[in-house]
Every structure is written in C-alpha cells, then in structure tokens.
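To start, the structure under review is shown below, and the notes come after it.
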2 protein chains.
Amino acid sequence: MLTAERHFIILQVLKEQGNATVHELSEVTGASISTIRRDLVQLEEAEKLKRVHGGATQYRTKWTEPSLNEKSSQNLQEKTSIASYAAGLIEDGDCIFLDAGTTTQKLAEHLSSKNLIVVTNGYQVVETLLDKGITTYLVGGKLKPITGAMIGGKALESIATYRFDKSFIGINGIHESFGYTTADPEEAIMKKTAIDLSRESYVIADHSKIGETAFSKVADLHECTIITSHFTESNLTKISEQTTIEVVKS
Amino acid sequence: MLTAERHFIILQVLKEQGNATVHELSEVTGASISTIRRDLVQLEEAEKLKRVHGGATQYRTKWTEPSLNEKSSQNLQEKTSIASYAAGLIEDGDCIFLDAGTTTQKLAEHLSSKNLIVVTNGYQVVETLLDKGITTYLVGGKLKPITGAMIGGKALESIATYRFDKSFIGINGIHESFGYTTADPEEAIMKKTAIDLSRESYVIADHSKIGETAFSKVADLHECTIITSHFTESNLTKISEQTTIEVVKS
DNA sequence: ATTTTCATTCAAATTAATTCAAAATCAATC
DNA sequence: GATTGATTTTGAATTAATTTGAATGAAAAT
C-alpha cells in the first residue's frame, strides 16, 4: 500500500469518527503500529491532525468546534432537519445566497454538488462548500470578529453586484409586529440587501427564535418565507397571517 | 507497445483509482518495472502526475493533499523563520496586504496585534487574524478550490478599492530573467495588482523557489524586495543586481 | 505497581537510480 | 526493397536510498 493511500485512509477515518487509536488505524490500513506512528507524525507536521496519547484527533478549528448550545443534541437535530429541508428547496442551476451563521453552515453540509453557484458572506461555510466542489463566491469586506461575517460598506458594495434565485438568511428574532430582527445593525443591513437581491428569500430559524426580538430590524415578515420546526399554535396563527411558514418536523 | 500508449494507460489508471503502484502499472501495461519508472519520470516532468515512493498519484485530488509533505519539517521551519522576519517589517498603523498561501499564513501567526489593518485574498489566514484581534478585510470574489484564494474579475475589482503600505506576496518561482512567476494566471493577476497598489512590496519564498520558473509571470524582479533564506552565491549575485534581497538565517 | 503507549534504534525488505548491453526503430544509401 | 550504421528504447543487473516492522527502554496513563 502506498504511503499516500494510508494517509488518505487515516484522514478519512478521522473525518468520520473525529478520533482514532493507533491500533484501529493499524487494523484498517493493515500497516504496523510503527508505520502508523510515523504517518501520524508526518500528518501532524502537515497540520492535518492532532496527535494525542493513544492515537489522533481531528484538528478542530474555532468554527468547526461545536459550541455548548449546539451540543445540546435536541437543538442540533432541529437545526439539521431544518437545514436538510432548506437544501431540498434548491434546484439545479440555482444561484443562491448563504448567510453567515451556524444554521446556514448546516445547510451547506446538506447541499449536493449540483450545478450550483453559492455566494456567501460567512467564511466558515466556505470550506464545506469547496470540499463539495461547489462554485463559491465570497463577498468581500470587513470581517466581524466573533461571527466571522462580512460587514460594512465594502461588503454592501460587493454583494450588490450579484443577483440571487434564492437566499437563505439566519435570524435572531421573528416577531408578529417587529418582523425579522438580529443583534448587529451592520449584519442586518447585509441580510436586508441579500433579501432585496433575491427572487425568493427564506429565513431559517429554530423554534426558539419565534416571538423574540433583537436590536436591529432586518425586514418585514412578508418579505421572506420562514423555515422552522415545531412551534406553538398561538405564535403560528399571528405570524402566518403575514407570510408563508414551512414547518419541518424534527 | 507505443510509449504514448503506455502513458495513456497510466494516466487512465490514475484517473480511475487515484493512485497506482509501479508493479500494478507494470502488469497492466506489460512493460518492465524500469520502463514504467522512466514513464513516471517523464509524466511527472510534464506535470501529469505526482510521483511518490512506490508509485504515483494524481496531482490534484485528496490523495496528494495529505502529501503536502513536500512541506517537510525543514521546509516548515524555513517558512517560519522567513515569516517571523517579514512580520518584523510591519510597523504600527500599517495597512498591509497578505497574499493567500501557506507562507503568508505563517506570517499571519507572527503578527503582533498592533494597530494594524490587514487585507487578504486567502480565506485560510482569516481565522488566525481574527484570533489576534486584528482588523481584517477580505477581498471578495470567486474561490479557487485547491488553494482557497480569491480570483477572478470580482476579486480584482474588490482589491482595487484598497491602498496598501506594504504587501506580502507568496511566489512559486524567482528567476533572474523571467522575474516572479506563479502557476495560476488568475492568481498572478491578483498578485500583480496587489503589488501595484502597494507602497512597498515583499516577495516571501523559501530557497527552493530561487532559479525556478512557473507558468504565469507576476512581475519583474525590481518591483519587490525578496525575503528568503540561505541560498547559493551564484543565484544571489545575478538576482541581487536587479533588486534587494533580505536573507533570513533559518 | 502494572499496563499501555511512545520514541529510538536497527536489520530486513522494498523501492529508486544508475549503468550497460541487447533489441528495436529510424535514415540514408545502395 | 534490403543493408548498414546511428540513435533510441528497453529490460536486466547493480548499487544506493527509503521504508518498514520489530525490539528496546523511557514515559505516561490507569
């Protein structure tokens, strides 16, 4: 077996399981313990994985690291099913906008590599998209430190040069009278611009955002279709008078 | 069997499997081991495949990706010391451009969080910069899958809206008469544009790039200062007639 | 304290580069 | 069309380099 082949298998296993013991890898590849160790040394030098006592783990970046909130498996499953549903709306040949954020990152993972053009303002989703071989454009501009979203005047100029078939927007609050809201005013403008540039716009948000409001108004309810999971009847009726809601069962 | 025919079969096998051993290829083609080796040497020179110990792999795919082991630890250390030196050139209040690439990524790691504005076209360096709390702007545009660099018309428009005090460019070849060269024409234009927009430009490259040439011309030698590590006298004299060279001891 | 894992070393095995003679291909002439 | 000599290609043999797996004692985990 070629060295490159072993390295590939090792990384493959890590991608699937997140970690692996030296013995596991030895069995999977058929190579000896010594050889696996040498491979791990090389791959660590190339910064492809992190070596730990007994084996190796994935090199986790800040963005791939699941936050405490995400780790709550209920919330995660909810996001995943919402993302999966949203991905189903995308058709071959579409040109779509993907907002920055964890929910949209999940959506990126569910995209099949169709004939697709994706424009995004969140650099975290980029890696996922490139892995899938999807044509990706990144909006330029100033980077907001915490979320890694592109904001500011340059970003607005940059996004204005595109037109989208569909846009998928993450949001912090959905309220019957205050509409869609988010924390950062600069992000809000970006989201609003993306919505205006789109033929169809979808807001994706888990049920906890329903009825909430945040600091900055993004748009009125009727401007987007809401994709969310199970929520209470009382909320549903008031909001559904103003726009379409797609409820995903999680 | 014709040589061209063997070459075709070899590439065919690689396309199907991603990699192949010398013995495999010998069996498939019916040629001797020696002949296959000679074929592989030729095909590697033509950049049709990548030779590895025991056989060969495809150039682009994920097989070769882990074998970024071209970046052996020695090379890595060299890059680190070059990056460290380059970081020392940056002054408080500077507005700098950081090219995409592994060397510039190392440079990002060595930046101290001064009062600094960084513009980059490589999305991999972004995370490092944000971690350090450095104000970061990302050039917009189409993402090149393999390197993760921003390229294309949008990227050029985007970068043209900035002006830099200093730019740091990664390069594949530095040659006394062909100047600075890199593999991808679209990346070459980006690099050239960044150089033109800068008050001072620095090319950072380890010694292996000296005397080499790649497909696309970026700029003439005199347009940038070269930052590199130890290299032979003969190369030094011819190139140093045309531009400044900063030699870093690794 | 015991077991597991790690780094280092070393010999065996595999693979690569080099050299050389035979075979094949080619060119020009008879 | 065959013959000869030059050139190229090929396969085998030799030597050099690399990779591999096991063995050892040190370090770490239980």
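Naming convention: chains lettered A, B, ... in sequence-line order (proteins, then strands); numbering from 1 in each chain.
- Atom CD1 in I204(B) sits 12.5 Å away from atom OH in Y85(B) (nearest 0.5 Å).
- Partners of A83(B) by side chain to side chain contact (heavy atoms under 4.5 Å, CB included), not counting sequence neighbours, listed by chain and number: K106(B), L107(B), H110(B).
- Rounded to an integer number of Å, the gap from CD of Q42(B) to P of dA17(C) is 14 Å.
- Within the 4.0 angstrom heavy-atom criterion, only backbone atoms of the sugar-phosphate kind lie near V52(A); the bases stay farther away.
- As rounded to whole Å, 12 Å separates atom P of dA17(C) from atom CD of E45(B).
- For S81(A) and S84(A), the side-chain atoms include no donor-acceptor pair closer than 3.5 Å.
- Remark: the T104(A) side chain and the D99(A) side chain contain no N/O donor-acceptor pair separated by less than 3.5 Å.
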Do any side-chain atoms of residues 20-27 of chain B form donor-acceptor pairs under 3.5 angstrom with protein atoms, and if so which ones, sequence neighbours left out?
{"residue": "T21(B)", "atom": "OG1", "partner": "E24(B)", "partner atom": "N", "Å": "3.0"}
{"residue": "E24(B)", "atom": "OE1", "partner": "T21(B)", "partner atom": "N", "Å": "3.3"}
{"residue": "S26(B)", "atom": "OG", "partner": "A31(B)", "partner atom": "O", "Å": "2.7"}

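- Checked options L89(B), V203(B), T244(B), I245(B); the residue passing with T225(B) is T244(B) (criterion: side-chain contact (heavy atoms from CB on, under 4.5 Å)).
- Between the C1' atom of dC6(C) and the NE2 atom of H23(A) lies a distance of 11 Å, rounded to the nearest Å.
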- B/S/- contact track for nucleotides 8-21 of chain D, protein heavy atom under 4.0 Å: --BBB-----SSBB
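- The CZ-P distance, from R51(A) to dA27(D), rounds to 16 Å in whole Å.
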